[in-house]
Number of protein chains: 2
Amino acid sequence: MLTDRQALILQVIIDEFIETAQPIGSRNIAKKDHISYSPATIRNDMADLEEAGYLVKTHSSSGRIPSEKGYRFYVDHMLSPFSLSTEEMQVIKSQFNDRMIEMEKVMQNSAHILSELTQYTTLVLGPEVYETKLKQLQIVPINKQSAIAILVTDTGHVEHRSFAVPHTIDHSDLEKVVNILNQKLVGVPIIYLDRMIESEVLDLLNQYTSNYQKSYDLIHNALFGHQTTSLYVSGKSNILMQPEFNDIEKARSLFNVLENEEKMAPMLKADEEGIHISIGHENAMEAMNHSTLITATYTVGNEQIGTIALLGPTRMEYAKAVSLLDVWSRHMSQSLHKWFKD
Amino acid sequence: MLTDRQALILQVIIDEFIETAQPIGSRNIAKKDHISYSPATIRNDMADLEEAGYLVKTHSSSGRIPSEKGYRFYVDHMLSPFSLSTEEMQVIKSQFNDRMIEMEKVMQNSAHILSELTQYTTLVLGPEVYETKLKQLQIVPINKQSAIAILVTDTGHVEHRSFAVPHTIDHSDLEKVVNILNQKLVGVPIIYLDRMIESEVLDLLNQYTSNYQKSYDLIHNALFGHQTTSLYVSGKSNILMQPEFNDIEKARSLFNVLENEEKMAPMLKADEEGIHISIGHENAMEAMNHSTLITATYTVGNEQIGTIALLGPTRMEYAKAVSLLDVWSRHMSQSLHKWFKD
DNA sequence: GTTAGCACTTGGATGTTCCGAGTGCTAATG
DNA sequence: CATTAGCACTCGGAACATCCAAGTGCTAAC
């Protein structure tokens with residue numbers, strides 16, 4: 001176990017390294033006001049800390065830098081509550097005071113503002129649509145050959161998709177189908193739409209319209225061909241600002257992952273509520289082995305859980321990042337709750 | 001004026017430099033099969049080309065690289081028609097065969113595929129909405145306090161925005177307003193909506209609903225608070241792959257511009273149809289002084305002009321880029337035309 | 001247990017040398 | 001008289017040496 005002094009030294013080193021990105025030597029630690037030990041004493045403790053795996057050297061006579069284990073200890077045991085500046089709180093509050101609101105916009109905006117506030121890359125993953133229910137279905141004919149299907153959910157989410165209408169199908173057929181679908185399906189959770197249609201609607205359709213099969217196919221394709229996870233990323237270029245990515249290769253591989261929604265989304269899926277931190281090699285993806293990902297969950301209504309995350313170098317301002325995510329996710333949950341569930 | 005031989009040498013140097021990114025020396029040119037002059041002769045011509053401003057040296061005893069003027073001459077007089085590979089044509093055609101179509105998706109997809117095909121950054125700017133007309137307006141109430149306004153245009157574009165509904169306003173009021181708006185406004189070009197409302201609709205509204213002013217304000221805000229230019233960017237990280245951006249500062253400043261829609265959109269606005277090339281300092285923006293931007297216009301229906309563009313280093317594969325943009329923009333225009341204008 | 005002292009290590013900055021690839025110029029050449 | 005061979009010259013980059021600051025580990029003293 002670590003002695004108090006060792007823990008203190010570890011903390012100073014990490015705090016300092018987070019700020020400067022330079023290896024820290026014993027002399028510099030000794031100079032700190034709240035440190036009253038000699039460099040030699042500190043050197044001994046540093047040697048112990050290194051042996052225990054919390055610190056590493058970049059070369060045999062360099063100062064120490066934190067290892068991933070060091071960061072892990074730091075976030076688990078030393079994260080002092082960080083108080084956000086009044087300006088920062090101001091920005092956050094003003095975000096959620098806005099009269100107009102829409103889930104997509106909230107997520108997009110959150111990503112944007114948080115990346116400005118932190119200088120890290122921000123990712124926002126929309127909630128899984130377990131509970132979201134169909135509010136309304138609409139078909140708007142555009143011309144003889146095409147129409148747009150619009151689906152609105154009770155969370156205010158709008159999906160739309162245009163599709164080609166073959167000559168054999170009349171717009172009145174489509175209309176009938178839509179009417180029937182609306183009658184039967186409004187209020188049904190999105191994820192059950194599919195099987196609900198199979199069991200309840202198909203027969204009915206058959207009675208009303210001769211061309212029902214084709215019309216139905218069309219609408220079905222238009223609405224369910226979608227992939228519905230939504231990922232918003234902002235501040236990617238902040239990555240380039242970090243000195244650890246002066247090695248352009250690291251930046252490249254990280255960018256490649258970030259641009260790939262399929263790869264990123266699973267990393268953000270939360271298995272439990274709250275804040276979670278993945279440091280360096282704790283991230284499954286190799287390109288992220290020099291990065292830290294901090295995720296926080298937010299909720300929409302009762303059960304729907306989305307994730308908001310910050311991605312930065314392992315040398316991250318953990319305290320600030322965690323506080324910001326914490327505050328933000330609370331505000332976001334609250335705000336979304338207020339609007340979408342009476 | 002350039003002699004034939006000088007033009008040939010210029011072409012060889014540019015072709016070679018585009019491929020290797022290395023300065024070209026006289027000996028290497030002389031080694032080419034189709035070159036039958038001695039290095040000394042070539043050196044003389046190179047000295048002339050340098051004096052005339054088509055080539056520059058990186059230092060006094062280096063080989064030559066093309067200047068921006070050199071590239072300009074190259075694209076104006078030497079661009080040999082580049083035939084795309086059958087695979088490339090395949091990809092392009094398959095893109096526009098797809099049954100489902102939607103303008104947003106087409107643009108998004110185009111950006112994506114072109115950046116894959118070229119390894120440059122692709123930008124697609126949606127058309128100005130001069131002619132687009134309102135097809136349908138819709139309000140979907142979500143709960144007591146909020147509703148979503150959906151606007152569909154005759155090009156299949158869907159805008160939506162949710163807004164808060166104050167207690168003083170009834171949903172039936174909103175409904176009335178929407179009905180009136182639809183009656184009066186369907187078929188009106190989007191850009192005239194605003195003044196059409198002023199002149200034709202306000203009085204009418206007054207008669208029907210007592211609360212009209214507030215309802216109207218709400219809807220107005222919801223629909224016209226939007227900014228409607230749409231810019232899709234794909235393959236930003238391709239920038240990092242180019243050796244000219246090994247200098248991370250250049251990459252940073254370019255990224256900053258690219259992430260700023262307000263700055264990029266004007267650069268893409270086309271004053272005339274066709275393909276346009278801006279090399280290095282021909283670009284107004286300083287961050288783009290080491291890049292070339294090639295833009296091509298596409299049309300939707302009769303008059304609406306959008307832009308599709310490739311951004312790369314000045315050392316760009318001009319022939320390929322131009323051919324691709326040319327082919328793509330034609331296909332895109334054709335495809336959009338077919339779908340949205342009977 | 002803590003600290004002062006000291007020999008030792010290392011990366012990085014600076015300077016020197018050397019070489020290859022290139023140039024410009026001059027004189028010879030067909 | 002346009003082309004070419006020859007040659008002296010230039011420059012950047014790689015390789016190597018030197019030096020210094022910042023740091024370490026260890027030992028002996030406090």
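In what follows, chains carry the letters A, B, and so on, assigned in the order in which the sequence lines appear, proteins first and then strands, with residues in each chain numbered from 1.
- Computed from coordinates, the B/Glu50 CD to C/dG22 C1' distance equals 12 Å when rounded to whole Å.
- Put simply, CD1 on B/Ile9 is 10 Å from P on D/dT3, counting in whole angstrom units.
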Checklist entry - Are B/Glu259 and B/Lys236 close enough, and set up right, to give a salt bridge (Lys or Arg N to Asp or Glu O under 4.0 Å), and what steps lead you there? => result CA-CA 9 Å; B/Glu259 302 215 324; B/Lys236 266 188 286 194; 3.4 Å; yes
Checklist entry - What string of B, S and - do you get for nucleotides 1-6 of chain C, 5' to 3', when a contact is any protein heavy atom under 4.0 Å? => result -SBBB-
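- Taking a 4.0 Å limit (strictly below) on heavy-atom distances, residues 23-31 of chain A does not reach DNA chain C anywhere.
- A donor-acceptor contact shorter than 3.5 Å links the side chain of A/Thr307 to the backbone of A/Leu268.
- In this structure, B/Gln22 places its CD atom 12 Å from C1' of C/dA21, rounding to the nearest Å.
- In this structure, A/Asp48 places its CG atom 11 Å from P of D/dC26, rounding to the nearest Å.
- Regarding A/His59, its NE2 atom lies at a distance of 8 Å from the C1' atom of D/dG23, rounded to whole Å.
- Distance CG (B/Asp45) to P (C/dG24): 12 Å, rounded to an integer number of Å.
- Residue pairs meeting the salt bridge (charged side-chain N to carboxylate O under 4.0 Å, His left out) criterion with at least one partner in residues 72-88 of chain A, sequence neighbours excluded, are A/Arg72-A/Asp76, A/Arg72-A/Glu282, A/Glu88-A/Lys320.
- Ring geometry for B/Tyr74 versus B/Tyr318: interplanar angle over 60°, hence perpendicular rather than tilted (30 to 60°).
- A/Phe255 approaches A/Ser237 most closely through the heavy-atom pair CZ-CA, 4.3 Å.
- To the nearest angstrom, P of D/dG23 lies 14 Å from CG of A/Leu55.
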